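Given the structure is predicted, the values throughout are model-derived calculations rather than measurements. Letters go in sequence order (proteins before strands), and every chain restarts at 1.
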Amino acid sequence: MSGYDPKAIERKWQQVWAEEKTWEVANPGQPGYEAAKPKSYVLEMLPYPSGEPHVGHLKTYAVGDAIAHFRRRHGFEVIHPMGYDSFGLPAENNAIKTGEPPRAATERSIESFRRQFREWGISIDWSRELATHTPEYYRWTQWIFLRLFEHGLAYRTEAPVQWCPKDATVLANEQVVDGRCERCGTEVVQRKLKQWFFKITDYAERLLADFDRLETWPEHVITMQRNWIGRSEGAEVVFRCEEVGVDFPVFTTRPDTLFGATFFVLAPEYPALDRLVAGTPAEDAVREYVAKAARESAEDRGAEGREKTGVSLGRSVVNPVNGEEIPMFVADYVLMEYGTGAIMAVPGHDERDYAFAKSFNLPIRRVIEGSDPETARDDEGLPYPGDGPMTGSGRFDGKGNRDAYEEIVAWLAEEGRGKTSVNYRLRDWLVSRQRYWGAPIPVVYCEQCGIVPVPDDQLPVELPEVDDYAPQGKSPLAAAEEWVATECPRCGKPARRETDTMDTFVDSSWYFIRYLDPRNEGAPWDRDAADHWLPVDQYIGGVEHAILHLMYARFFAKALADVGVLGVQEPFANLFAQGMITRDGAKMSKSRGNTVSPAEYVERYGADTARTYICFMGPPERDADWADEGVEGVNRFLSRLWRLCEEVEPMSAAELDPAAVRGDARTLLAKAHWAIDKASRDFQRGFQFNTVIAAVMELVNDAYRLKDGLYAEAEGVAAVRFATATAASLIFPFAPHLGAEIWERLNGTRLWEQAWPEADAELLSTDSVTLVVQVNGKLRDRIEAAADAPREELLRLARESEKVTRFLDGKEVVKEVVVPGKLVNLVVR
RNA sequence: GCGGGCGUGAUGAAAUUGGUAAACAUGCUGGCUUUAGGUGCCAGUGCUCGAAAGAGCUUGGGGGUUCGAGUCCCUCCGCCCGCACCA
């Protein structure tokens, strides 16, 4: 025996698949298009090519590839493409450090990723490969930008934005975590800058509503997005400052507490603030407070348990429900980004307002009775956030606060002082970056015409070569004078190009559509091709993209549908969020020195072992810790399967008649069909690959136990052959090279062209079954009985058992429970 | 604080509708093969008592429903993830 040689086997099949372009599929209307087959779009999130792929990538593509293979063998025409999210900061930061242009380093990484994906044997349609940093791709990223611009969905405005001093760029809200840059961990600061935004807030409602259109998404991902969008219902109520004649609308979720408002607060960034205090005694104090707030980081401002600070404005507003004048303050616990940047403060029923009122000695008033009868009406139980009857609220007294809520809003609306309102936490998506390595924003600034979009026929706006990649507070593109200086496409006069580039999340928000028609030079995609393949039937990736990428891509699909170039509202019908692979219980990182290099394991054990191990570690959605012993265990199993094949291959076998087979041959055959059944069900039940593989292991174990006896007869040999080929067939989605090799040796055909096996119901059922006998729910014996034995027969057998009678002696059986095929339970007293 | 997830042997984990807890794998122990080591094959391995037969106990803790609970209900504890001065 020559032993399991994964290297030789894997090289052989990878060559076959590459030469024959096995995994390529054609679009409708193209030669080779399979009209009869239902389509299935299986997609893993595209990798950011940096250095070498890591085990996280291996897991994503091992899981996705298993699904792709499974679907193909169920008769689907599976499209399974691959590409690279190749614009981005790491390559650029590397360029700043080493001087090597980002393009060179990126293309080297792509090369390495491509090679390893091939070595892993992933069944990719390479004819559709793309990279987002190529002009052929970002030309269409720019094209999409222009369409959004035309539809008012891309706009430029000056706004306070989050600036990362280290990466020297602004960031989207989603890319700031706890006041720090999501990428490098540096504290962000606020700056006021003119920036490009996408109007994702217009889509807040649809992004929420269309969760209903999704088939299978993990509940927690939906929840995270729902929280992020942060819809809250309430009312907008207008308070007026008579002294200066300005209206201050506020958003509140508690209009029922309006009578309890005892003061009013503006955010430090509130635009009308200057005007309010100019020339008043409060001016200096307010200016100072605002300046101090501006200096503080977002993280410090949001710190937990922070003392409430603020300054009185010396002005007041009128509460529209009772005409009362209440004092105005500026305080940093009110955020300009949320609501209207102003609040009515109800210290009796809001904790934050309560804390502020305590510090500033402001009145605290109860307007809703508490639930505790002892303190329902006095000030002991304040602040009280719950429900109850209204009090101190004029004509609403005695009503439940929920009813009063509706009536107060209706009344305000009549008076023109308020209306129902819905507020979102979601902000518009800030897409400009003051960095080099991204798609240039395709607009031109003309003194005469203003912002002028670059015409479609002048795309792509190519990224110019520059000498210095280091950002100087503005994009390195600004230094490319020749490139910046252009002429206005509208009037022909000298004009300047936009020097910011687009957030890389823009690139990855539509790549899955480009795959469908990747070489199209006249359009981003052919509409028929997109309509045919979309939506993605199964999307696979890490949960770290739950909000950013997945929400942006959902927004893009809707926006593109509105633009009229796409036919789906939701790009990803089913999402599978895989768990992380850890080492020694910790996230892998270079600084920790606990990384696992897939290449090393592929070299030592082969890709089949590495892939199968990853799928065997546990349910793929769960985090799992890498263990070298586990890899060896899986390698041992694949070797066992291989040796079984080598052993039976040369033996002569008889034709098998499943109906006539008896004895061990039948036992093994039945086991094979059990494995088919189990594997098929578990595969579909949430991709429980670990138990699929365990079932194949059981089959191989049984074959080993029975084979020596079976080899005596040609029928027995046939049974072992069948078990071996079945094991190869079932393990194929995880170990495609080994599966294909064994199948070819035993059956002479190509495994991936064979339909997924179906279990023979005849062989799944057995004549006799083992039943458990319990007395008072405790296991006492097991009995063999005919599968169709009647209840009386089962009870007789159970009572006859010696092990059972011991527990029945001197007792009275008060109840007999019989579950056919499972158990008998005798209840005694 | 709000939302979501999880808690089962020495370890990774199984357990379709409530019906044999611990499949499969790792690790460990023993046997066979081998000059030896490794590999390979076979067997054993939840805990306690017991020489054994056997008995009792066991799914984070406590309680409940049921003939029967890892699974359903209540309650408490612990860990992980997301959001968080969001009006």
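Nucleic acid contact for A:Asn690: sugar-phosphate only, since backbone atoms but no base atoms lie under 4.0 Å from a heavy atom of the residue. The residue A:Ser639 sits apart from the nucleic acid: no heavy atom pair falls under 4.0 Å. Residue A:Val772 is in base contact, counting any heavy-atom pair closer than 4.0 Å across all strands shown. Residue-level contact check: A:Arg780 touches the backbone only, with heavy atoms under 4.0 Å from sugar-phosphate atoms and none from bases. As judged by a 4.0 angstrom heavy-atom cut-off over every strand, A:Asp350 is placed among residues making no nucleic acid contact. Counting any heavy atom pair closer than 4.0 Å across all strands shown, A:Gly633 reaches sugar-phosphate atoms only and no base atom. Note on A:Phe807: only backbone sugar-phosphate atoms sit closer than 4.0 angstrom, heavy atoms only; bases stay farther off. Contact annotation for A:Gln688: backbone-only contact, meaning every heavy-atom pair under 4.0 Å involves sugar-phosphate atoms and none involves a base. Counting non-hydrogen atoms under 4.0 angstrom, A:Val634 reaches nothing in the nucleic acid. Using a 4.0 Å heavy-atom distance criterion, A:Tyr704 is classed as a sugar-phosphate-only contact.
Separating the CZ atom of A:Phe637 from the C1' atom of B:A23 is a distance of 15 Å, rounded to the nearest angstrom. Distance, A:Glu629 CD to B:A10 P: 18 Å, rounded to whole Å. Here B:C67 presents its C1' atom at 11 Å from CD of A:Glu816, a figure rounded to the nearest Å. One can place CG of A:Asn635 at 11 Å from P of B:U26, the figure rounded to the nearest angstrom. A:Arg705 has its CZ atom 9 Å from the P atom of B:G44, to the nearest Å.
For A:Thr223, taking side-chain heavy atoms from C-beta onward, the closest of the listed nucleotides B:A15, B:A84, B:G3 is B:G3. Each of B:G19, B:G56, B:A14 was ranked by its minimum atom distance to the side chain of A:Asn825; first place goes to B:G19. Of the listed nucleotides (B:C85, B:U16, B:G40), B:C85 has the atom at the smallest distance from the side chain of A:Lys308. Checking B:A13, B:C41, B:A55 against every side-chain atom of A:Arg643, the shortest atom distance belongs to B:C41. The A:Met697 side chain lies nearest to B:A25 when the options are B:C42, B:A87, B:A25.
Comparing B:A14 with B:C79, their P atoms are spaced 24 Å from each other, to the whole Å.
Neither OP1 nor OP2 of B:U39 sits under 4.0 Å from any side-chain N or O of A:Arg640.
Stem list for RNA chain B (at least 3 consecutive Watson-Crick or G-U pairs, distances under 3.5 Å): B:1-7 with B:77-83, B:10-12 with B:24-26, B:27-32 with B:40-45, B:46-49 with B:54-57, B:60-64 with B:72-76.
Just one of A:Thr340, A:Val317, A:Leu313 meets the side-chain contact (heavy atoms from CB on, under 4.5 Å) condition when paired with A:Leu266; it is A:Leu313. The ring-ring contact (aromatic ring centres under 6.0 Å, His included) with A:Phe329 is formed by just one residue from the set A:Tyr289, A:Phe356, A:Phe264, A:Tyr270; it is A:Phe356.
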